[in-house]
Amino acid sequence: MDGRKVLGFAIGPIGAGLLAFITLPVVTWVFSPKVVGMLSMLQVAINLSTVLFSLGLDQAYVREYHEAEDRSRLLRAAVLPGFVLLVCLVGSILLIRPKAISMWLFGAGGVAYGLIVAACLVAAYFSRFLSLILRMQERGLAYSMSQLLSRLLLLSLVAAIALFPMPKSFVSLLIAQCVALLATLTVFAWNTRNDWMPAFVAHINRAEMVRLFHYGWPLVFGGVASWALMAMDRVFLRSMSTYGELAVYSVAASIAAGVTIFAGIFNTIWAPMVYKWIAEKSDLGRIKNVADHMMLVMFLIMCTAGASSWIVGKLLPAAYGNVPYILPGCMVAPLLYTFSEVTGIGISVMRRTTYSLAVSVVAVVVNIIMNFVLVPKFGALGAMMATSLSFWCFFVLKTEISARIWSGNSCWREHGFSLMLIVLPALFAFTGRKMGSVSIFIWAGLFVFGLVCGRNRLRELWWFVKVRQSANGMVRG
C-alpha cells in the first residue's frame, strides 16, 4: 500500500482509540463499577459469537479473495452458513428459555435483555464480513469512517444519559451499545452495497465451499481458543472475584486496546498484504525486516504507556485506582498477538491451520490454570498476569512452528524480546504503587535506552517513509 491508503486505514483505529479514551472515563463517572463490569460481559459474548459463527470462513474469505474468480459468490459462500447457524441457535434459546441469555451474561434481566443482545450479535456478525470487503479492496477511509461512527455515536449517547434526566442503569448503557453497533452495520452496508447485493443471486460453487471449509474449520476451534485467551480473565473475575475487580480490569484492558491503536492498523493490513505479495511472487525477505522493526516499536509503545499511566489514574474515579498499574500489562496480549501475526504468518501461508488450533489449545490450558490460581488471590492483577503468560506461550509456539514449516529462521531474539515484554509490566504492577514517581523515571529511561539502541532502525523507517512519499508524489505528478 502507498502512504495514502495506510493513512486511510490508520484514521479509524487512531480516531477510535482517542474516542475510547474519552468515552471510558465518562462511562466510569456516570455508571457504577457493576454496570461497567456487566457491559464487559456483553463484549465477551459479541467476540465469542463473531468467532464461533464465522466458522473460520471470514479468514478463508481473506485468504481466497485475490485468487477468486467470482468474489460475490465467494462472499455468499462465506457469510451464509454462519448466519443460518447464528439465527437458529440464538432464536431457539430465546424461544425455549427467554431469560437464559441475560442470566448467563449478566446474572439478571429478562426477555428484553436477550433480544437486545441478539440484535448486537447479528449486527456484529455482518459488520465483520462487510469490513473485510473494505479491507481487501484497500478502501481505508471508508473502513475508518465506519469505525469512528460507532465510537462517536456511543460517546454521544453516554453523554446524553449523563446530561439529561435519564436512568443511569445498565439497560440504558446496553441500548446505547446496541444502537452504535446497528449504526455501524448500516454504514458498512452502504459502503459495500455494490459487493453484497450481487451476492444475493450468486450461486455457490460446491468445490469452492469445500475448499473454504477445509481452510476455515480448524480456525473455528483456534478462534474459540483465541477468544478464550482474551475472555477467560473476565469470566474468572465474574465467577471468582467481584464486579468491581472486573470493572477495573475491563477499563484497563479497554484503554490498553486504545493505546495499541497502531497494532490494530497493522493487523488490518498485514495479512492481505502478505497474501498479495505471495500472489505477485514478490520477495518475502522483507517479513523478517518487518519483525525487527516491530520489536523496537513495541518496546517504545510499552515504555510510553508505563511512563504516562499516571495520567489515566487522574481521569478515573477512586474505585479504579489500580488501573494505571495493570495498564502496561494489559497491553502485552494485543502486542504479542500482533507480533505473532508477523512471526507466525507461515502457518497461514502454508495453509497448515491445524497448527493454529494446537497452539491456541495449549495457550488456553495455560490461561485457565493461571486464572484459577491467580484471580482469587490477586483479582484484576492476577487476571492480567494470567493473560500475559498464556499469550507468551501462544507467541513462542506459533513462532517456532512457523519457522520450522516455512521460513527456517532462528527465533531466539523474538523469544527473548517477548519474555522481556511480560516481565517489565509484571514488575511494575507489583511494585509501581510502592515506588511512586520513581517508576515513571524508570520507564522514561527505558524509552531513551530504546531510542539510542534502535536509532538505526528508526532511521531506516524514516527514510522508507520519506522515499515512499517522494515516489507517490512523482506518480501523482
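We're numbering straight along the sequence, starting at 1. Atoms considered below: every heavy atom in the structure, side chains included; atoms not considered: hydrogens, waters and symmetry mates. Just so we're clear, the structure is a prediction, and the values are computed from it rather than from any experiment.
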Return yes if some donor-acceptor pair links the side-chain N/O of [X] with the main-chain N/O of [Y] below 3.5 Å, else return no.
| X | Y | value |
| --- | --- | --- |
| T28 | P25 | yes |
| S309 | G306 | yes |
| S54 | V51 | no |
| R234 | Y249 | no |
| S340 | Y337 | yes |

Can you tell if the side chain of [X] reaches within under 4.5 Å of the side chain of [Y], non-hydrogen atoms only?
| X | Y | result |
| --- | --- | --- |
| R151 | T23 | no |
| M385 | L381 | yes |
| F428 | I442 | no |
| F31 | I161 | yes |
| T304 | I301 | no |

For the student: nearest non-hydrogen atoms of [X] and [Y], plus distance:
| X | Y | result |
| --- | --- | --- |
| R238 | Y243 | NE-OH, 3.4 Å |
| L424 | F299 | CD1-CE1, 4.1 Å |
| M240 | V375 | CB-CG1, 4.3 Å |
| V396 | S418 | CG2-OG, 4.4 Å |
| F378 | E245 | O-OE1, 4.2 Å |
| Y113 | S102 | CB-CB, 3.5 Å |

Nearest 0.5 Å, please: how far is [atom2] in [Y] from [atom1] in [X]?
| X | Y | atom1 | atom2 | result |
| --- | --- | --- | --- | --- |
| M294 | E414 | CE | CD | 11.5 Å |
| F236 | L246 | CZ | CG | 13.5 Å |
| R413 | T343 | CZ | OG1 | 12.5 Å |
| T242 | L237 | OG1 | CG | 8.0 Å |
| I422 | F391 | CD1 | CZ | 12.5 Å |
| L132 | F188 | CG | CZ | 9.0 Å |

Give a yes or no on this: more than 12 heavy atoms of other residues, nucleotides or ligands lie within 6.0 Å of atom [atom1] of [X].
| X | atom1 | result |
| --- | --- | --- |
| F430 | CZ | yes |
| R128 | CZ | yes |
| Y355 | OH | no |

Output field: ring centroids F129/Y61 closer than 6.0 Å
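Not close enough - the centres of the two rings lie 6.0 Å or further apart.
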Kindly list each side-chain donor-acceptor pair under 3.5 angstrom involving residues 36-49, sequence neighbours excluded, with atom names and distances?
unit_1: S40; atom_1: OG; unit_2: G37; atom_2: O; d: 2.5
unit_1: S40; atom_1: OG; unit_2: S250; atom_2: OG; d: 3.2
unit_1: Q43; atom_1: NE2; unit_2: N47; atom_2: OD1; d: 3.2
unit_1: N47; atom_1: ND2; unit_2: Q43; atom_2: O; d: 3.3

Could you list the donor-acceptor pairs under 3.5 angstrom formed by side chains in residues 170-184, with sequence neighbours left out?
unit_1: S172; atom_1: OG; unit_2: P167; atom_2: O; d: 2.8
unit_1: S172; atom_1: OG; unit_2: S169; atom_2: OG; d: 3.4
unit_1: T184; atom_1: OG1; unit_2: S150; atom_2: OG; d: 3.3
unit_1: T184; atom_1: OG1; unit_2: A180; atom_2: O; d: 2.9

Let me have the donor-acceptor pairs involving side chains of residues 310-336, under 3.5 Å, with sequence neighbours excluded, atom names and distances please.
unit_1: W310; atom_1: NE1; unit_2: A307; atom_2: O; d: 3.2
unit_1: N322; atom_1: OD1; unit_2: R433; atom_2: NH2; d: 2.5

Report the C-alpha separation of L130 and I133 in whole Å, then their side-chain angles, then the decisive distance to 0.1 Å, and conclude whether the side-chain contact (heavy atoms from CB on, under 4.5 Å) test is met. CA-CA 5 Å; L130 297 182; I133 297 174; 4.1 Å; yes
